[in-house]
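Here is the structure we will look at.
Excluded from the calculations below are hydrogen atoms, water molecules and symmetry mates; all remaining heavy atoms, backbone and side chain alike, are included. Convention: sequence-line order gives letters A, B, ...; per-chain numbering from 1.
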Amino acid sequence: MRNKRNVIFVAGPTAVGKTKYAIEIARAVHGEIVSADSMQIYRYMDIGSAKPTKEELAQVKHYLVDEIDPRDEFSAAEYQTLAKRYIEKIFQDGKTPVVSGGTGLYLNSLLFDMDFSVMPKQAQFRKQLEAEAEQYGPEYVHNRLKVLDQAAAERIHPNNLKKVIRAIEVFEATGEGIREFRESFVPTKDYGCILIGLNRDREELYRRIDERVDLLIKAGLVQEIESLLEKGLTEDNISMKGIGYKEIIAYLNDSYDFQEAVRLVKRNTRHYAKRQLTWLRRYEKMHWFNLTEFETEEKALSAISDTIRSEAVRGE
RNA sequence: GCCCAGAUAGCUCAGUAGGUAGAGCAGUAGACUGAAAAUCUACGUGUCCUUGGUUCAAUUCCGAGUCUGGGCA
């Protein structure tokens, strides 16, 4: 049997049931899972990121879950390097990589030949630009970008300060404009990609989100966050910007009461799920499965398996 | 039974000195190249409770009714 080098991607909004399905799919294809989740990658953040349970992790080998210290700064560029390394290793072992997750930029870094090598961020410069925005308003910083990189300034909204700053950063360091997403929409040649998209009727998805948030609270989210704060984490750490974390920290800092914190976690998770769907809809090669429409999990899984099999054959 | 207040968007409510209405929240759509669970952009919907009157014109003023709060019996 030839080595077909196909990577199976299992994507979908939060709370759709990715974890469970990815494990079943991985078992079916003799695979191992590479997570594409920007929060589950951090250690000690088990409850709030809805990590797979110990039992689930024991069923199939998982990579990039629980690997980074939440005090460290992590980025999409580092993710790409690590994930590609693991994918290669899984191929070497004669197994099939199953990428599972809902972080769009991370998925892009594996699906397309995105080149992050241009330059790392420059904390100092960033702070300076942030201060300028604070003082003179975001328009002022946007005007700076306009002088340097007209094209980038046109497509980045002045209010989107983070992206404006990053574009200036890149230009200052390289003398070139920041690359546009469309330009690099070139599928990677490193392996074949089979895209499986999981979705559910909106109503059901939102209900699952609300239920899961209640469950996370019951499971001890607040205690988990208190112990993270004891480790020295603060609201300024990137890892603490995750949904569930930032709202509970604000509650612990007396910004609002507990009920309000829970309400915001639910709402922000719903908004996030919606944004994920927007991102995922752009993938033309995605095979979508609306889990609401399947009577049983088995039926859904067998439909998914059929699709994977026929895609794998086509890719040969 | 009587008195008072309210009834307007999915929710909470504002408003129209009479010319068929708008905020917040919720919702929907979109963007995205080293923070991405981040960050940013755009967009609805209305028997203005029912009914009679006054008026060129009533969601708005007046009367009656219904419902919902609160008070008095």
Side-chain angles (χ1 to χ4, degrees), chain A residues 13-15 18 35-42 45 48-51 68 70 72-82 101-123 125-127 129-130 133 138 142 149 151-152 154-171 173-174 176-186 202-203 205-206 209-210 212-213 216 235-249 260 263-282:
Chain A
T14 184
K18 279 193 302 294
S35 168
D37 186 300
S38 64
M39 288 294 142
Q40 294 183 4
I41 198 164
Y42 291 115
M45 294 170 55
S49 74
K51 256 180 220 169
I68 305 294
D72 291 342
E73 299 228 324
F74 191 71
S75 71
E78 287 165 79
Y79 173 80
Q80 186 188 41
T81 308
L82 293 175
T103 300
L105 187 58
Y106 288 10
L107 293 172
N108 270 19
S109 78
L110 300 180
L111 253 10
F112 307 103
D113 281 328
M114 291 178 71
D115 181 7
F116 287 108
S117 67
V118 240
M119 62 148 285
K121 68 167 192 181
Q122 303 197 330
F125 190 43
R126 239 179 227 196
K127 278 216 180 85
L129 290 170
E130 274 164 13
H142 189 254
D149 184 351
E154 267 167 28
R155 67 171 195 273
I156 302 173
H157 194 280
N159 288 349
N160 205 344
L161 191 61
K162 272 189 192 180
K163 291 202 164 110
V164 173
I165 288 179
R166 167 101 266 252
I168 294 175
E169 219 173 67
V170 169
F171 194 91
T174 65
E176 284 172 38
I178 190 165
R179 246 161 298 184
E180 197 174 347
F181 183 72
R182 287 204 308 269
E183 287 171 12
S184 62
F185 224 62
V186 182
R202 196 58 65 90
E203 222 174 292
L205 184 65
Y206 283 3
I209 286 171
D210 289 348
R212 192 171 77 180
V213 171
L216 299 183
E235 59 195 344
D236 294 326
N237 287 92
I238 293 168
S239 57
M240 291 297 106
K241 308 268 192 211
I243 297 168
Y245 293 91
K246 60 170 184 270
E247 296 85 355
I248 299 290
I249 289 175
E260 175 67 359
R263 203 199 109 235
L264 289 173
V265 173
K266 288 178 179 174
R267 184 199 64 182
N268 291 343
T269 307
R270 290 195 295 267
H271 287 176
Y272 171 53
K274 218 180 132 304
R275 260 179 282 131
Q276 288 178 298
L277 256 1
T278 298
W279 185 292
L280 265 16
R281 272 196 283 257
R282 280 192 308 198

**OP:** Please determine, for the side chain of A:Arg281, which listed nucleotide (B:G27, B:G34, B:A29) has the closest atom?
**Re:** B:A29

Original post:
Can you tell me how far P in B:C4 sits from the matching atom in B:G65, rounded to whole Å?
Top reply: 13 Å

Original post:
Do the side chain of A:Glu130 and the base of B:A35 come within less than 3.5 angstrom through a donor-acceptor pair of N or O atoms?
Top reply: yes

Original post:
Looking at side-chain heavy atoms only, is the closest gap between A:Tyr42 and A:Lys51 below 4.5 Å?
Top reply: no

Subject >> d(CG, A:Asn159; C1', B:A42) in whole Å >> reply: 13 Å

**OP:** Report the distance from atom CG of A:Asn268 to atom P of B:G27, rounded to the nearest whole Å.
**Re:** 10 Å

Original post:
Tell me, do A:Arg155 and A:Ile178 make a side-chain contact under 4.5 Å, heavy atoms counted?
Top reply: yes

Original post:
Side chain of A:Arg275: nearest nucleotide among B:C40, B:U33, B:A35?
Top reply: B:C40

Subject >> Residue list, side-chain contact (heavy atoms from CB on, under 4.5 Å) with A:Pro158, at least two apart or on another chain >> reply: A:Glu139, A:His142

Original post:
Do A:Glu78 and A:Ser75 have side-chain N/O donor and acceptor atoms under 3.5 Å apart?
Top reply: yes

Original post:
Mind checking the P distance from B:U60 to B:C48? Whole angstroms is fine.
Top reply: 10 Å

Subject >> Protein-nucleotide distance (A:Met39, atom CE; B:A36, atom C1'), rounded to Å >> reply: 8 Å

Subject >> Spacing between A:Glu154 atom CD and B:C40 atom C1', to the nearest angstrom >> reply: 17 Å

Subject >> N/O (side chain, A:Tyr206) to phosphate O (OP1/OP2, B:U28) under 4.0 Å >> reply: yes

Original post:
Is it true that A:Lys127 and A:Glu130 make a salt bridge, defined as a side-chain N closer than 4.0 Å to a carboxylate O?
Top reply: no

Subject >> A:Gln276 CD to B:A31 P, straight-line distance once rounded to whole Å >> reply: 15 Å

Original post:
When rounded to the nearest Å, what value does the distance between P atoms of B:U59 and B:A17 take?
Top reply: 15 Å

Original post:
Is a side-chain N or O of A:Tyr245 found less than 3.5 angstrom from the main chain of A:Ser239, in a donor-acceptor match?
Top reply: no

Original post:
Taking only side-chain nitrogens and oxygens of A:Tyr79, does any of them come within less than 4.0 Å of OP1 or OP2 of B:G34?
Top reply: no

Subject >> A:Thr14 side chain to A:Arg212 side chain, donor-acceptor N/O pair below 3.5 angstrom >> reply: yes

Subject >> N or O in side chain of A:Arg166 less than 4.0 angstrom from B:G34 OP1/OP2 >> reply: yes

Each nucleotide N or O in nucleotides 43-45 of chain B that has a protein N or O under 3.5 Å away: list the pair and distance.
none

Original post:
How would you list, by chain and number, every residue that makes a side-chain contact (heavy atoms from CB on, under 4.5 Å) with A:Glu260, sequence neighbours excluded?
Top reply: A:Tyr256, A:Asp257, A:Arg263, A:Leu264

**OP:** Establish, with yes or no, whether the OP1 or OP2 oxygen of B:C32 is under 4.0 angstrom from a side-chain nitrogen or oxygen of A:Arg282.
**Re:** yes

**OP:** For B:U8 and B:U28, measure between their C1' atoms and round to the nearest Å.
**Re:** 23 Å

Original post:
Considering residues at least two apart in sequence or located in another chain, which fulfil the side-chain contact (heavy atoms from CB on, under 4.5 Å) criterion with A:Arg275?
Top reply: A:His271, A:Tyr272

Original post:
Is the distance from OP1 or OP2 of B:G27 to the nearest side-chain N or O of A:Arg202 less than 4.0 Å?
Top reply: no

Original post:
Under 4.0 angstrom, heavy atoms only, what part of the nucleic acid is A:Gly244 near: base, sugar-phosphate, or nothing?
Top reply: nothing

Subject >> B:G52 versus B:U45 - spacing of their C1' atoms, nearest Å >> reply: 30 Å

Original post:
Does any N or O in the side chain of A:Lys18 come within less than 3.5 Å of the main-chain N or O of A:Pro13, such that one atom is a donor and the other an acceptor?
Top reply: yes

Original post:
Is the base of B:A36 touched by the side chain of A:Lys241 through a donor-acceptor pair closer than 3.5 angstrom?
Top reply: no

Subject >> Residue A:His157, side-chain atoms from C-beta onward, closest of B:U33, B:C40, B:A31 >> reply: B:C40

**OP:** Grab the CD-C1' distance between A:Glu260 and B:G24 for me, whole Å please.
**Re:** 13 Å

Original post:
Who are the ring-ring contact (aromatic ring centres under 6.0 Å, His included) partners of A:Tyr106, not counting sequence neighbours?
Top reply: A:Tyr79

**OP:** Can you tell me, in whole Å, how much space there is between the C1' of B:A14 and that of B:A7?
**Re:** 14 Å

Original post:
Checking all strands, does A:Thr14 fall into the base, sugar-phosphate, or nothing category for heavy-atom contacts under 4.0 angstrom?
Top reply: nothing

Subject >> Interatomic distance at C1', B:C67 relative to B:C49, whole Å >> reply: 8 Å

Original post:
Of the candidate nucleotides B:C32, B:G34, B:G27, which contains the atom at the shortest distance from the side chain of A:Trp279?
Top reply: B:C32

**OP:** Take the protein atom NE2 of A:His142 and the nucleotide atom P of B:U39, then report the distance between them rounded to whole Å.
**Re:** 19 Å

Subject >> Most 5' of A:Ile156 and A:Glu247 on RNA chain B, judged by nearest nucleotide >> reply: A:Ile156

Subject >> Watson-Crick and G-U pairing of RNA chain B, under 3.5 Å, as dot-bracket with | and [ ] >> reply: (((((((..((((.....[..)))).(((((.......))))).....(((((..]....)))))))))))).

**OP:** Report which part of the nucleic acid A:Lys274 touches: base, sugar-phosphate, or nothing (heavy-atom distance under 4.0 Å, all strands).
**Re:** base

Original post:
Within the pair A:Ser75 and B:A35, is there a side-chain N or O less than 4.0 Å away from OP1 or OP2?
Top reply: no

**OP:** Report which part of the nucleic acid A:Tyr245 touches: base, sugar-phosphate, or nothing (heavy-atom distance under 4.0 Å, all strands).
**Re:** nothing

Original post:
Between A:Asp210 (CG) and B:G27 (P), how many Å, whole number?
Top reply: 9 Å

Subject >> P atoms of B:A9 and B:G46, separation to the nearest Å >> reply: 11 Å

Original post:
Which distance, rounded to the nearest 0.5 Å, do you find between the CE of A:Met114 and the CG of A:Leu105?
Top reply: 5.0 Å

